[in-house]
Amino acid sequence: DIFMQAKVLTPYGFGIKKGEELPAISFPCVVKTSHGGSSVGVYFADDEKQLQDALKDAYTYEDEVVIEQFIKGREFTDVVIDGEAYPVVQIAPREGFYDYKNKYQAGSTEEICPAPISKELTERIQDVAKAAYKALRLKVYARMDFIVDDKEQIYCLEANTLPGMTPTSLIPQEAAAVGIGYEDLCQMLVQPAAHQHTLIPVLAVLFQIRPAQHPVLPDGLRLVLHGQIREQIISLAVIRQLHFLVLLWSWFLRFHALMC
């Protein structure tokens, strides 16, 4: 619904819970878990039997799944950092689709950056990436995944708000294409996060801030630590102190880089 309101084209789909009656389905379609990652729990169905098999397997992960229109085309991805779209990557698995094996097994997928496409299509993908980023009110950075069909219609599949960040991941490849090294990229992501106080979960781990045993948060924050939401009572004074420590750490890293 959010994408539709923002005029971001996306495959038609709907959520369905285990035990609910299926509406009429057009084939081929895609079945995927609602809260999965790395393409785990993604299945393709060309007929009713394959759909039932896909649902059976998908429900082993969780009780609500998504059934989505299948779009045939080329796969692309693009990161938006602080509102700016970076070079587009074309993802070309040597066989099958960009599943878990093709994501992480060396040599299974060709990742081409910048994508070998026209300037016009590149700019259109970047514009859609920025529109999706804005529509979802994302902060700092996110990577948007796309399918482009044979008519060059751009379908945004999803926004990945915690994409891979190893030196060989897709975002560092996009940054490298415009001359930004891995360490500088990490700094680019950390600094705006620190200013927006979204780095506090990391600091809470580093400085071992413990969850306060209190049922309410009058001037505190909810922090996401190790995948679980925990309540923290952190005063604004502490936030400012942590922010100052982030700046000190940033200055130390720059000084260390100059000296080495």
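When all heavy atoms of E174 and P87 are compared, the pair lying nearest together is OE1-O, 2.6 Å. The nearest pair of heavy atoms linking A132 to F3 is CB-CE2, 3.7 Å. The minimum heavy-atom distance linking Y133 with K139 is given by the pair OH-C, 3.4 Å. Of all the heavy atoms in E111 and Q173, the pair that sits closest is OE1-NE2, 2.8 Å. Of all heavy-atom pairs spanning T166 and P172, the tightest one is O-CG, 3.2 Å. Minimum interatomic distance between Y155 and P11 (heavy atoms only, all atoms of both residues): CD2-N, 3.9 Å.
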Identify all side-chain donor-acceptor contacts of residues 56-64 below 3.5 Å with residues at least two apart in sequence or on another chain.
unit_1 : atom_1 : unit_2 : atom_2 : d
Y59    : OH     : K17    : O      : 3.4
T60    : OG1    : D57    : O      : 2.4
E62    : OE1    : H35    : ND1    : 2.8
E62    : OE2    : S34    : N      : 3.0
E62    : OE2    : H35    : N      : 2.9

Return all side-chain donor-acceptor pairs below 3.5 angstrom for residues 73-81, not counting sequence neighbours, or 'none' if the list is empty.
unit_1 : atom_1 : unit_2 : atom_2 : d
T77    : OG1    : R143   : NE     : 2.9
T77    : OG1    : M144   : O      : 3.0
T77    : OG1    : D145   : OD1    : 2.7

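You'll find the side chain of V8 reaches within 4.5 Å of the side chain of V128, heavy atoms only. You'll find the side chain of L189 reaches within 4.5 Å of the side chain of M165, heavy atoms only. Counting heavy atoms from C-beta on, the side chains of I125 and I117 come closer than 4.5 Å. Side-chain atoms of L22 and L51, non-hydrogen and from C-beta on, do get closer than 4.5 Å to each other. Under the 4.5 Å side-chain criterion, counting only non-hydrogen atoms from C-beta, Y12 is not in contact with S26. The side-chain heavy atoms of I147 and F70, taken from C-beta on, include no pair separated by under 4.5 Å.
E48 and Q52 share a donor-acceptor pair across their side chains, judged by distance under 3.5 Å alone.
Here the straight-line distance linking atom CD1 of I180 with atom CD1 of I171 works out to 12.0 Å at 0.5 Å rounding. In this structure, I154 CD1 and D127 CG are separated by 8.5 Å, a value rounded to the nearest 0.5 Å. With rounding to the nearest 0.5 angstrom, the OH atom of Y86 is 7.5 Å from the CG atom of L185. A distance of 8.5 Å separates CD of E158 from CD of E68, quoted to the nearest 0.5 Å.
Hydrophobic clustering (ILVMFWY, side-chain heavy atoms < 4.5 Å, transitive): F14 and L9 are in distinct clusters. L157 and L138 fall into different hydrophobic clusters, where Ile, Leu, Val, Met, Phe, Trp and Tyr residues are linked whenever their side-chain heavy atoms come under 4.5 Å apart, directly or through other members. Under the 4.5 Å side-chain heavy-atom criterion for ILVMFWY residues, no single connected hydrophobic cluster contains both L55 and V66. Taking hydrophobic clusters as Ile, Leu, Val, Met, Phe, Trp and Tyr residues chained together by side-chain heavy-atom distances below 4.5 Å, V88 does not share a cluster with I112.
Under the rule for a salt bridge (charged side-chain N to carboxylate O under 4.0 Å, His left out), E20 has no partner lying at least two apart in sequence or in another chain.
No option in D53, D46, D47 other than D53 meets the salt bridge (Lys or Arg N to Asp or Glu O under 4.0 Å) test with K49.
Between the side chain of S118 and the main chain of L121, a donor-acceptor pair closer than 3.5 Å is present. Under the 3.5 Å distance criterion, the side-chain polar atoms of T10 are matched with a main-chain donor or acceptor of C156.
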